[in-house]
Amino acid sequence: MEVVLEDINELIKQRIRKLQELRGLGIDPYGHPYETTHKAKELLTQYTDKSASELENDPIECSIAGRIIAWRSFGKAAFSHIQDESGKIQVYFRKDVLDDKFKITKKLDIGDIVGIKGTLFRTKTNELTILVKDFTLLTKSLRPLPEKWHGLKDIELRYRQRYVDLIVNPEVRETFVKRTTIIKFIRDYLEKEGFLEVETPMMHQIPGGAAAKPFKTHHNALGIDLYLRIAPELYLKRLLVGGFERVFEINKNFRNEGISTKHNPEFTMLEFYVAYKDYTFLMDFTEKMLTELLYHIHGTLQIPYGEHTLDFTPPWQRITMYDALKQKGVPEEVIKSHERARDYARSEGIDLRDIHSHAKVLDEIFKEKVEPYLIQPTFVIDYPVELSPLAKRKKDNPELVERFELFIASREIANAFTELNDPEDQKARFLKQVEDRERGDEEAHRMDEDFIRALEYGMPPAAGEGIGIDRLVMILTNSHSIRDVILFPQLKPEKPK
RNA sequence: GGGCCGCUAGCUCAGUCGGCAGAGCACCGCCCUUUUAAGGCGGGUGUGCGGGGUUCGAAUCCCCGGCGGCUCACCA
């Protein structure tokens, strides 16, 4: 195999030279399995109380593996820090311990992955350190890492080369560990509450369950176009028809829309459905699940987010959409009258280009006048039916639906409703959506005959909710861009060389 | 998609009335057996994002393009 690595600068050439020298000494620069006894952090915590003399009288043998992230060499000795998944620990190479092998250290670089065997001791400054008795090169690194002091700051490089970001910026690793902890907590919580985790299709013949533009693809053998799902909702409800009473799915959704600090084309959504309950149950449920999550992650219900302190102490405010509007000074007549609403919106400088219906005008006014002020966790409830084609109408006011959105830090974190299970009403709502679509609303829902058929078999009264996991993780990790909580966010392609 | 800002060494960044391209860290050579942003001496390693233009001369000024950031729009 004769492959020439491209993009060679002097620094990489030097490392390739060292690699060849190592091969010349019979050392495989790309290593083999290596047995370790500890992680770096385990050593530091486990032996934190051992004094220098205790370690000297009763030597503790250990072995670790990890990446060299610092190197301070003297003529016949060198200090280094080795970083593994858990953290880092100092190691000490001495010529009088390693004899001939010490000269191999001259061929090591920051970034190389090594295995270390040795005994623990304490330095003059009392730092717990491994005295290296033997070491093994496990992987030669050919590219220099960013400098130790400033790390990798360039945002573009951090996203494009997340692997480097993870090596040099420990807080990035913490964020993603926290992300996993959050998802695992939610999964365990739902299972404990009797929910069954399921997987429904990512590829839909009819993209449904949300108002959004889909990604389109093509299945060659079937000869049909397919869409990446914009939501799992209609499939999860089919499972309610099938007899499952509590189901959830945590998985990706895909929406072919703009990219921003709050939007990535693929994002992670939790959706869960409960038979025989309504949206008031879900508000209580959500409040409880998220407060327990807060305790689990932070041990407190008050957490910082940017300039704010978010207080998750229940009960969270519940306010109807219309009351929220009124509270921000939107006159009652604006809510009642389409003409007044349009005038009001215009007077507030709200762009109504493609907005026609009364409900959508009110929604625009809501986004402008209310959303920015929804900092503390708030359930906004009872939306106009037109905005919610899959939600059940309120008994006492059929123009509204039993729906809530949970806002935290001005962001929509959850969307939930009592599910519409009347097939006739559902069909009528789909038809209305189809009309909107024909009038040019690309995001209107499509008719899904099979979903109607499922409802005709009978779906129990139920409530369902979606929680945007990425946005929730942003809140809980004090992150201001969704790209900081997605390991490999979508970017434009790099310029070809 | 619009507006504004940015792109200089591996990394973090200076530098412009238009006049030989710089620092710290990293790296290379030499010295150094308890350092930890180790230290001392010596060394600058570069497609200045790409392409055009103006000019005796462009990292710097102008135009076109690329990528990124912020923001607005979009995203109920």
Side-chain angles (χ1 to χ4, degrees), chain A residues 7-15 17-18 52 69-81 88-98 102 106 109-111 121-127 129 131 141-161 164 168-169 210-213 230 255-265 267 321 349-351 353-355 357 359-364 366-367 371 383-384 386-389 391 403 405 411-412 415 433 436 441-445 468 480-483 489 491-497:
Chain A
D7 186 27
I8 301 289
N9 68 31
E10 190 55 36
L11 297 174
I12 295 178
K13 280 185 191 154
Q14 284 161 1
R15 287 177 178 229
R17 209 172 300 133
K18 287 181 187 174
I69 57 161
W71 190 266
R72 296 175 293 279
S73 82
F74 301 81
K76 300 186 180 64
F79 284 96
S80 173
H81 272 91
K88 60 185 181 178
I89 188 168
Q90 182 167 257
V91 302
Y92 185 36
F93 297 87
R94 289 176 65 108
K95 187 168 193 302
D96 58 9
V97 175
L98 292 164
F102 187 77
K106 309 290 184 195
D109 285 297
I110 290 175
F121 75 104
R122 284 191 185 276
T123 63
K124 280 179 180 167
T125 55
N126 213 36
E127 180 168 349
T129 301
L131 176 65
S141 169
L142 298 181
R143 287 179 181 266
L145 288 173
E147 63 138 313
K148 56 198 167 193
W149 196 240
H150 296 91
L152 184 65
K153 287 254 194 307
D154 185 298
I155 291 177
E156 184 175 355
L157 282 182
R158 287 188 44 223
Y159 295 152
R160 285 199 198 281
Q161 301 183 33
V164 179
V168 301
N169 294 326
K213 294 176 203 151
I230 55 176
R255 297 188 183 177
N256 203 342
E257 288 157 359
I259 296 178
S260 77
T261 50
K262 299 182 193 66
H263 302 85
N264 195 61
F267 60 99
M321 181 185 179
I350 297 168
D351 182 6
R353 261 180 303 176
D354 303 318
I355 312 291
S357 74
K360 286 192 176 169
V361 172
L362 290 181
D363 193 40
E364 291 299 313
F366 180 86
K367 277 192 270 182
E371 268 192 28
Y383 286 72
E386 197 205 334
L387 297 177
S388 318
R403 171 182 175 188
E405 292 197 316
R411 290 191 170 82
E412 179 197 335
N415 179 24
Q433 291 287 314
D436 289 351
D441 182 353
E442 277 188 80
E443 287 165 3
H445 290 237
H480 293 272
S481 172
I482 198 168
R483 296 181 197 106
L491 299 176
K492 286 193 190 179
E494 276 184 90
K495 185 177 35 178
K497 285 213 199 86

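Here is how names work: the chains are called A, B, and so on, in the same order as the sequence lines, proteins then strands, and each is numbered from 1. Computed from a prediction, not measured in an experiment: that's the story for all the values here.
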Would you indicate what [X] reaches in the nucleic acid, counting non-hydrogen atoms under 4.0 angstrom: base, sugar-phosphate, or nothing?
| X | result |
| --- | --- |
| Leu157(A) | sugar-phosphate |
| Phe267(A) | nothing |
| Lys18(A) | sugar-phosphate |
| Ala211(A) | base |
| Arg483(A) | sugar-phosphate |
| Ser73(A) | base |
| Ile155(A) | sugar-phosphate |
| His480(A) | nothing |
| Asp96(A) | base |
| Lys262(A) | nothing |
| Lys153(A) | sugar-phosphate |
| Phe366(A) | nothing |

Which base sits across from rU35(B) as a Watson-Crick or G-U pair, both distances under 3.5 Å?
none

Is there a Watson-Crick or G-U wobble partner for rG1(B) with both distances under 3.5 Å, and which nucleotide is it?
rC72(B)

Does any N or O donor sit under 3.5 Å from an N or O acceptor when you compare the side chain of [X] with the base of [N]?
| X | N | result |
| --- | --- | --- |
| Asn9(A) | rU45(B) | no |
| Gln90(A) | rU35(B) | yes |
| Glu147(A) | rG24(B) | yes |

So, does Glu257(A) use its side chain to make a donor-acceptor pair with the main chain of Lys213(A) at under 3.5 Å?
yes

Is the aromatic ring of Phe79(A) within stacking range of rU35(B), meaning centres under 5.5 angstrom and planes under 30 degrees?
yes

Return the 5'-most residue of the pair Glu127(A), Arg255(A) with respect to RNA chain B, ranking by each residue's nearest nucleotide.
Glu127(A)

Using the closest heavy atom to pick a nucleotide of RNA chain B for each, name whichever of Leu491(A) or Leu387(A) lands nearer the 5' end.
Leu491(A)

If only side-chain N and O atoms of [X] are considered, is one of them under 4.0 Å from the OP1 or OP2 phosphate oxygen of [N]?
| X | N | answer |
| --- | --- | --- |
| Lys492(A) | rC67(B) | yes |
| Arg143(A) | rC27(B) | no |
| Arg15(A) | rC27(B) | no |

Between His480(A) and Arg411(A), what is the shortest heavy-atom contact and its length?
O-NH2, 4.2 Å

